[in-house]
Structure formats: C-alpha cells, structure tokens
Number of protein chains: 2
Amino acid sequence: MIKVLIVDDQSIIRDGLEAILTTDPEITVCGHACNGLEALKLCKEHAPDVVLMDISMPEMDGIEATKAIRKRWKKTQVLVLSMYNNHEFVNELMDAGASGYVLKNTGRLELKEAITAVANGHRYLAKPVQATLEESQQAMVGSNGGERYHSLTKREKEIVKLIVKERTTVEIADVLSLSTGTIETHRKNIFHKLDVRNAAGLVKYAMERGWELT
Amino acid sequence: MIKVLIVDDQSIIRDGLEAILTTDPEITVCGHACNGLEALKLCKEHAPDVVLMDISMPEMDGIEATKAIRKRWKKTQVLVLSMYNNHEFVNELMDAGASGYVLKNTGRLELKEAITAVANGHRYLAKPVQATLEESQQAMVGSNGGERYHSLTKREKEIVKLIVKERTTVEIADVLSLSTGTIETHRKNIFHKLDVRNAAGLVKYAMERGWELT
DNA sequence: CAAAAAATACCTGTTTACCGGTATTTTTGG
DNA sequence: CCAAAAATACCGGTAAACAGGTATTTTTTG
C-alpha cells in the first residue's frame with residue numbers, strides 16, 4: 001500500500017484527488033493539507049510514502065515545502081502536481097528534491113502511474129515537463145542555479161497587492177501615507193528579490209504562486 | 001436523477017469532480033468538456049440539467065459559454081465553480097444567466113448542495129460570493145453594467161503574451177519587426193478593450209481567465 | 001466588389017517606471 | 001541590550017509607459 005498525502009489549497013480539488021486515488025487498491029490517502037506548513041505537520045504525523053504537492057498556496061508554497069520535507073524525511077517522495085509548465089518551476093522543484101512533476105491537465109491514469117513510479121524510487125516527469133526541462137538546460141549551461149527566492153516583508157507584500165490592483169507609485173504612497181520615494185524603494189527591493197523586471201512580471205509571479213491578493 | 005455536465009480545462013479536476021459527484025445517487029455525470037465550445041456541443045447532445053462551469057479556459061471562457069447556454073437551452077442551469085471571488089466575475093456571470101456560484105475551496109458537501117439547489121430552480125451563492133455581490137452593488141448603484149468584454153485580435157493576443165513575458169514596447173517591436181508606434185497603438189487598444197489601466201492589470205486579467213500565455 | 005475590421009505607423013505631450021546609489025529611523029529577535 | 005532586519009526617505013538620471021489623437025495600408029468578410 002502506498003500512503004499518499006494530498007497538498008492543495010483548494011478543498012474541492014483535494015476531495016477530487018482523494019476520490020480518484022481511493023479507487024486504486026494500491027493507494028491509500030492518509031491526509032489533506034491546504035498549505036506547506038500543514039503539510040509538514042502531517043508528514044511528521046503520518047510519514048507518507050508520497051506527497052502529492054501543488055505549488056500555488058498561501059502561507060508556505062510548494063517549493064519551500066518540498067525542500068523542507070526532503071530534508072527531514074528522506075523516505076518521503078514528493079510528486080508535484082501543477083498547472084504550470086515553466087522552466088523556473090520545474091528547475092526549482094527538481095532542485096528542491098521533488099521526484100516527479102505532472103500537470104493538472106493529465107488524466108487519472110497518468111497520475112496513478114506517476115504515484116507508483118515515485119513510490120518505487122523512480123523519477124517521473126510528464127512528457128511536456130521533460131521537454132521544458134531539456135529546453136531550459138540548453139539555455140542554462142552552467143548558470144547560477146540557486147536560491148532565487150526570498151520571502152517578502154509584510155510591507156512589501158502589502159505593496160504587491162496594490163500593484164496587482166493597478167495602483168501607481170503615487171497612489172500607493174497616498175493610500176499608505178508614505179512618500180513616493182519609499183514606495184519606489186520597496187518596488188525596487190521587491191523586483192530584485194523576486195528577480196522580475198517590471199510590474200507585469202511581478203503580477204505573473206504572484207498569481208502563479210497563488211498568493212493572497214485580496 | 002440530475003444530469004451534470006462538467007466543464008473545466010484541467011482534466012485531473014474534471015476526473016476529480018466526476019469521482020466526487022458519482023458517489024451521490026441523485027447525480028449522474030453525462031459528460032466532460034475542456035472549454036466553452038465543447039460545452040455547447042455537449043449541451044446539444046445531452047441536454048444536461050446542470051452545467052458545472054469553470055471560468056478560466058482557452059478557446060471560449062466560462063462567461064461567454066454561460067451566455068450561449070442560457071440563451072439556447074433555457075432548462076439547463078449553470079453553476080459556476082471558480083477559484084476567484086471578485087465582483088467583476090460574479091456580476092458578469094450572474095448577468096450572463098448563471099444560477100449559482102461556488103468557490104473551489106468549498107467542500108464536496110456544499111458542492112452537492114449547490115447542484116441540487118440549482119437543479120430545482122433555486123439560486124445558490126456561496127457565502128463569500130454573496131458578500132462580494134452585495135459589496136459591489138453598493139458601489140455600483142446604477143453604473144454601466146454591460147458588455148465590458150471584447151475579444152482581442154490575433155495580433156493583440158500575440159502582444160499580450162509578450163507583455164506577460166516582461167517584454168517592453170521596444171523589445172516587442174524588435175521581435176515582431178514592427179515600429180514601436182504600432183506596438184503602442186496595440187497596447188492602447190488592448191487596455192481599452194479589457195478596461196485595464198496598465199500592464200499589471202492586463203496580466204491579472206489574462207491569468208484570471210486562464211488564457212494561453214505560452 | 002465594397003465595407004468593415006485589423007494591422008500598420010506617426011505625433012505631441014505628461015507621467016510613471018525603473019536603475020543605481022545613499023542614508024536615517026524604527027522594529028525585531030537573540 | 002545590541003545587532004540585524006525592516007521601513008522609511010531622497011537624489012539624479014534614462015527609459016518606458018500612458019493618453020489623446022490621426023491616418024494609411026492590408027486583410028477579411030458579407
């Protein structure tokens with residue numbers, strides 16, 4: 001029996017995945033988590049064989065959670081289940097120690113296949129994901145390959161929300177009763193931390209990772 | 001028996017929803033569609049009682065699909081299942097003729113409840129959605145309330161993709177071998193059509209609706 | 001074919017964004 | 001308490017974005 005922990009921030013998806021997986025006699029679902037922190041708690045409790053991990057989540061996202069799980073529980077394999085197939089995510093997660101990466105628009109059969117594969121110690125990459133990985137490695141050659149993620153401060157996250165809401169620097173300064181210079185500094189720091197070039201990149205970054213932007 | 005058609009672009013979610021719904025003896029799933037166009041085809045074929053409709057989809061999104069379905073098959077009810085709870089979506093979809101709106105982070109029980117409710121001719125709004133609707137109606141009073149959506153041309157969609165990729169106007173002009181003036185015109189037209197103020201708003205708009213941005 | 005839509009290009013401005021610094025005050029954590 | 005992190009603020013400069021036009025060519029479509 002393969003013990004699986006489901007990690008996703010949307011409960012209807014967790015329920016759906018459980019319903020799919022429990023039809024397989026080889027698989028048993030040992031728990032649900034709606035973010036990375038909860039996932040760590042439940043790993044400690046249940047020692048799952050496979051963690052089925054979404055990336056976009058509040059509190060702690062799938063990248064950080066994967067790193068933490070792989071560090072502490074070496075026997076637990078992480079299988080990423082994401083809607084995004086971009087080389088940043090694929091590279092970061094494989095570096096973080098994930099054993100597999102499948103997309104949300106794959107069928108239930110491939111999902112079960114992937115779960116059994118990683119449970120048996122194999123690596124499983126969906127075909128489009130593998131293509132992405134190879135493509136990016138040709139471009140990378142021997143680039144940095146490290147730590148591009150730093151969590152933002154409370155103030156910075158506040159400003160991210162306002163940028164997503166189409167506010168300009170002047171408007172943000174007005175809302176927060178700060179000088180425009182301060183907001184510009186925050187913008188700069190945010191862009192550097194997240195390694196994006198402009199507001200468009202920032203919005204994409206935040207939405208792909210499922211940040212709370214209300 | 002309630003005949004349900006599932007519409008979502010991610011097949012693992014369709015499979016999950018089907019697995020959840022088929023445990024209910026009152027409900028039968030009569031088909032899957034991965035976009036609005038397919039949904040219309042299957043409505044014609046199966047005449048479902050309820051269409052469980054996601055918003056973010058390529059080809060034809062949930063808003064257009066809802067309008068089309070309600071226009072042609074008056075007995076078919078549309079229940080929106082979305083991850084987004086913003087007043088633009090809620091208002092547009094209720095105007096489009098949806099009978100209910102639930103969020104993806106609700107449990108399976110509420111989903112079944114909502115399906116039976118709309119199948120019986122009732123309106124079902126999840127609590128947070130209702131709050132959003134009331135809040136927005138206080139602000140609206142008697143505003144335009146109509147047609148803010150126009151589909152973009154092929155060229156415009158091409159440029160949207162490049163803006164999402166953090167490209168500047170000069171870079172886009174270079175890639176497409178056009179003058180910067182042309183790109184600026186396209187940007188302006190895109191912003192006006194989608195009613196956004198800047199690139200941040202555009203990226204948000206496109207990602208919320210699940211546009212193909214690869 | 002003719003009309004409509006799309007794609008192209010330019011103009012004149014003003015505003016905002018972005019880059020590279022530096023620097024002070026306030027808050028936080030060990 | 002003291003060091004580190006966070007939050008605040010400013011400067012000088014370049015580039016880009018945004019707003020408001022107008023106008024021509026190409027393509028699509030009834």
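Every chain is numbered from 1 and lettered A, B, ... according to where its sequence line falls, protein lines coming before strand lines. Values below: all heavy atoms of this structure, side chains included; hydrogens, waters and symmetry mates excluded.
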Length of the line joining K157(A):NZ and dA6(D):C1', which is rounded to integer Å: 13 Å
Residue-phosphate contact under 4.0 Å: H186(A) side-chain N/O, dT8(D) OP1/OP2: yes
side-chain N/O S179(A) vs dT8(D) OP1/OP2, d < 4.0 Å: no
Integer-rounded Å distance: dA17(C) P and I163(A) CD1: 8 Å
Whole angstrom value for the distance that separates C1' of dT16(C) from CD of E171(A): 11 Å
Value in whole Å for how far the P atom of dT26(C) lies from NZ of K154(A): 18 Å
Out of dC18(C), dA19(D), dT16(C), whichever nucleotide has its closest atom nearest the side chain of T168(A): dT16(C)
Distance in Å, T185(A) OG1 paired with E156(A) CD, rounded so as to fall on 0.5 Å steps: 10.5 Å
Point-to-point distance, once rounded to the nearest 0.5 Å, from CG of L111(B) to CG of L79(B): 6.5 Å
Pairwise distance CE(M83(B)) to CG(N105(B)) - rounded to 0.5 angstrom: 9.0 Å
Between C1' of dT8(D) and CD1 of I159(A), the distance in whole Å: 10 Å
Rounded interatomic separation in angstrom, taking CG from L178(B) and C1' from dA7(C): 9 Å
With sequence neighbours excluded, residues passing side chain to side chain donor-acceptor pair (under 3.5 Å) with N85(B): T132(B)
Residue closer to the 5' end of DNA chain C, R155(B) versus E184(B) (nearest nucleotide): R155(B)
F191(A), nearest nucleotide to its side chain (from dG20(C), dC18(C), dA16(D)): dC18(C)
Bending between helix ends of the helix from dC1(C)-dG30(D) to dG30(C)-dC1(D) [5 pairs per end, 10° resolution]: 70°
Cation-aromatic face contact R209(A)/Y205(A), 6.0 Å, 45 degrees: yes
Expected output: side-chain R14(B) to main-chain D8(B) donor-acceptor under 3.5 Å: yes
Spacing between H192(A) atom NE2 and dC18(C) atom P, to the nearest angstrom: 11 Å
Donor-acceptor pair present, T185(A) side chain and dA9(D) base, under 3.5 Å: yes
R197(A) CZ to dC19(C) P, straight-line distance once rounded to whole Å: 8 Å
Rounded distance (nearest 0.5 Å) linking atom NZ of K3(A) with atom OG1 of T76(A): 8.5 Å
Touch class at under 4.0 angstrom, heavy-atom based, for K188(A) against every strand present: base
Touch class at under 4.0 angstrom, heavy-atom based, for T182(B) against every strand present: base
OP1 or OP2 of dC18(C) under 4.0 Å from side-chain N/O of R187(A): yes
